Amino acid sequence: MLGAMDLFDDLQARGLIHDSTDRTALAERLSAGSISVYVGFDPTADSLHAGNLVGQVMLRRFQLAGHKPFPLAGGATGMVGDPGGRSDERNLLNRETLQANLAKIKVQLERLLDFSPGPQQAELVDNATWTEPMGVLDFLRDVGKHMTVNQMLAKESVKTRIESEHGLSFTEFSYMLLQANDFRHLREHHGVEMQMGGSDQWGNITAGIDQIRRRLGVASFGLTWPLLTRTDGQKMGKSVAGALWLDPDKTSPYQFRQYWMQLPDEDVERFLLQLTLRPVAEIAELMTEHRGDPGKRLAQRALAADVTAMVHGRAAAIAAEQAAGVLFGGDPLTASIEALEVVASEVPTTMVERADLADLVALLVRTGLATSNGDARRGIQQRGFRVNGRQVDPSQTAVHTEKPLHNRYILLRKGRSTFHLLEISPT
RNA sequence: GGGUCGAUGCCCGAGUGGCCAAAGGGAGCAGACUGUAAAUCUGCCGCGCAAGCUUCGUAGGUUCAAAUCCUUCUCGGCCCA
């Protein structure tokens with residue numbers, strides 16, 4: 001466990017500090033004793049995604065170092081939409097959707113942190129609780145009065161949007177004020193001295209610091225981490241299928257784990273540092289070992305194991321690993337029934353009748369492995385499919401030449417890493 | 001409101017009466033090589049087993065034949081008011 005003294009250095013070593021208010025002052029404050037710190041998460045979707053993970057882990061790091069984390073759910077800010085990081089106006093979510101999103105996200109925010117009673121107990125807050133009751137005039141007089149438009153216009157996120165063809169609505173323009181007010185509220189009523197966020201949040205954070213200084217006459221701290229990027233240009237946490245969600249119903253633990261497993265070598269060290277709680281020295285050792293034999297993917301394995309366990313729990317992480325072991329390991333023909341059952345729970349599975357096995361093309365379309373009959377035929381022609389681990393010969397039209405595994409399962413594979421399991425109904 | 005230019009497949013973009021299911025690039029998919037990575041090379045990339053069918057903003061029209069010509073409408077850029 002990390003002592004308070006080392007936290008700042010540790011963050012620095014992990015490359016987690018992009019911007020911060022006066023570093024020496026911050027480092028001193030952190031070592032002086034426990035501090036309360038918050039990170040906000042807006043309910044823009046019905047689940048958090050991999051991009052939100054750094055923030056959650058950051059709070060955890062602070063908690064482990066003896067500080068008190070405040071995950072904040074943006075029940076109010078989610079109503080408005082942050083103009084940062086996008087070129088066009090956001091569509092407003094209706095209240096029902098927002099409430100549903102909020103409920104799900106709150107559950108996810110509770111996963112990584114320790115909420116058991118104690119001085120470092122995490123506290124989940126929702127900015128709707130203090131923003132909703134505030135009247136327009138209160139808002140204008142109390143919050144708006146302490147911020148000049150000049151200052152707001154100077155913020156990067158506002159500037160880019162004003163220059164864009166879509167413009168910027170007053171609603172989104174006001175977002176910064178709401179966030180600034182959040183910080184002030186938390187400072188005033190919960191003693192939260194520090195706010196953190198991705199580097200795109202810097203403007204909003206400093207707006208809060210200003211707000212606090214003007215209204216409460218005290219200083220506070222801000223810290224941003226660099227946005228996680230992938231060297232291959234792909235958006236972090238976006239797979240081909242879409243976002244990498246933390247909700248197991250939207251992205252299964254198996255798929256989740258696969259994302260990290262398949263990361264390019266160039267990214268894996270950075271991700272280990274920024275996303276896992278492994279000590280820096282241990283990661284350095286691991287990387288040396290990894291470079292000795294990169295084919296073993298030791299670093300990816302470690303990353304995938306840690307992050308999956310963090311989000312989905314130890315048991316789910318192990319199941320996902322076992323499933324991958326069957327799929328990418330040896331011959332599926334030798335897999336045990338138990339192992340196959342794990343696979344069935346992790347990989348998309350379709351129930352079929354024995355008679356369906358006569359038409360391979362139809363099955364490929366039905367399982368989604370091919371988009372059309374023609375696509376399926378082309379794939380077969382190009383030897384892109386495997387049944388139970390054996391490449392499908394272009395002349396083959398049926399599956400039933402293969403013996404079902406344990407008389408029950410047929411494993412379809414497209415290319416390198418796309419699988420689908422057929423379960424033959426017992427009737 | 002007037003004028004003008006434009007709208008092509010997932011994206012960009014060529015095509016200005018037949019040789020066009022439509023060049024080229026990107027993305028994507030597969031194969032080879034590998035390490036569940038990257039790079040590279042190869043193939044595929046509207047639907048259909050095929051005959052063929054449906055596509056080039058929309059709706060009509062001219063023609064043996066239209067993405068290409070004419071008209072309507074919708075949307076977008078630019079210029080003028």
Side-chain angles (χ1 to χ4, degrees), chain A residues 87-88 163-167 229-242 244 251-272 286-308 317 319-332 335 339 342-343 346-348 358-387 389-398 411-421:
Chain A
S87 58
D88 57 346
E163 283 158 16
S164 94
E165 51 180 308
H166 302 283
T229 52
R230 288 180 52 151
T231 45
D232 57 10
Q234 276 194 55
K235 269 228 178 97
M236 159 61 198
K238 296 270 188 208
S239 61
V240 187
L244 195 69
T251 300
S252 77
Y254 168 77
Q255 290 171 311
F256 188 82
R257 178 177 181 277
Q258 284 306 102
Y259 179 85
W260 308 107
M261 269 308 283
Q262 290 168 356
L263 268 191
D265 287 358
E266 305 83 76
D267 293 328
V268 74
E269 180 171 20
R270 242 179 42 251
F271 280 36
L272 275 166
L286 177 65
M287 285 313 293
T288 309
E289 204 180 334
H290 176 263
R291 288 191 191 99
D293 186 359
K296 283 189 174 160
R297 308 181 76 75
L298 283 175
Q300 279 91 342
R301 271 173 218 284
L303 174 69
D306 279 18
V307 179
T308 310
E321 190 174 339
Q322 285 173 342
V326 174
L327 298 174
F328 294 99
D331 190 345
V342 174
V343 171
E346 299 291 335
V347 161
D359 190 347
L360 177 58
V361 168
L363 276 173
L364 291 176
V365 174
R366 181 165 154 202
T367 54
L369 288 177
T371 55
S372 68
N373 291 357
D375 186 45
R377 291 201 175 87
R378 277 192 295 270
I380 293 171
Q381 280 306 317
Q382 296 184 127
R383 298 172 191 277
F385 291 104
R386 285 164 188 272
V387 175
R390 288 169 47 203
Q391 197 167 60
V392 174
D393 186 87
S395 65
Q396 188 176 341
T397 58
L411 181 64
L412 300 179
R413 175 177 189 167
K414 178 194 185 191
R416 196 53 163 159
S417 51
T418 312
F419 294 90
H420 198 104
L421 198 64

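What you see is a predicted model, and the numbers here were worked out from it, not measured in a lab. Lettering follows sequence order; numbering is per chain, from 1.
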[X] has an atom [atom1]; how far is it from atom [atom2] of [N], in whole Å?
| X | N | atom1 | atom2 | value |
| --- | --- | --- | --- | --- |
| A/R297 | B/G35 | CZ | P | 11 Å |
| A/D265 | B/G35 | CG | P | 12 Å |
| A/R413 | B/G31 | CZ | C1' | 14 Å |
| A/E266 | B/G35 | CD | P | 17 Å |
| A/R383 | B/C33 | CZ | P | 13 Å |
| A/D393 | B/A30 | CG | P | 19 Å |
| A/R257 | B/A37 | CZ | P | 13 Å |
| A/I380 | B/C49 | CD1 | C1' | 12 Å |

Counterpart base for [N], defined by Watson-Crick or G-U wobble contacts under 3.5 Å:
| N | result |
| --- | --- |
| B/G1 | B/C80 |
| B/A67 | none |
| B/C56 | none |

Contact class for [X] vs. all strands (heavy atom < 4.0 Å): base, sugar-phosphate, or nothing?
| X | result |
| --- | --- |
| A/K296 | nothing |
| A/G295 | base |
| A/Q381 | nothing |

Supply the atom-to-atom distance [X] [atom1] to [Y] [atom2], rounded to the nearest 0.5 angstrom.
| X | Y | atom1 | atom2 | answer |
| --- | --- | --- | --- | --- |
| A/Q300 | A/F271 | CD | CZ | 11.0 Å |
| A/L263 | A/M261 | CG | CE | 10.0 Å |
| A/L412 | A/L360 | CG | CG | 7.0 Å |
| A/N373 | A/R378 | CG | CZ | 10.5 Å |
| A/D265 | A/H290 | CG | NE2 | 4.5 Å |

Say you pick atom [atom1] in [N] and the same atom in [M]; how far apart are they, in whole Å?
| N | M | atom1 | answer |
| --- | --- | --- | --- |
| B/G15 | B/C64 | P | 28 Å |
| B/A38 | B/A32 | P | 16 Å |
| B/U8 | B/U58 | C1' | 15 Å |
| B/G6 | B/A66 | P | 22 Å |
| B/A39 | B/A30 | P | 15 Å |
| B/U72 | B/G25 | P | 39 Å |

Sub-4.5 Å side-chain heavy-atom contact between A/F419 and A/L411: yes
Any side-chain heavy atom of A/W260 within less than 4.5 Å of one from A/L244? yes
Distances under 3.5 Å between protein N/O atoms and the N/O atoms of nucleotides 44-48 of chain B, please, pair by pair.
from: B/C44; atom 1: O4'; to: A/Q382; atom 2: OE1; distance (Å): 3.2
from: B/C44; atom 1: O2'; to: A/R378; atom 2: NE; distance (Å): 3.3
from: B/C47; atom 1: OP1; to: A/S372; atom 2: OG; distance (Å): 3.4
from: B/G48; atom 1: OP1; to: A/N373; atom 2: N; distance (Å): 3.0
from: B/G48; atom 1: OP2; to: A/S372; atom 2: OG; distance (Å): 3.1
from: B/G48; atom 1: OP2; to: A/G374; atom 2: N; distance (Å): 3.0

Carefully, step by step, assess A/L272 and A/L286 under the rule side chain to side chain contact (heavy atoms under 4.5 Å, CB included). CA-CA 10 Å; A/L272 275 166; A/L286 177 65; 3.9 Å; yes
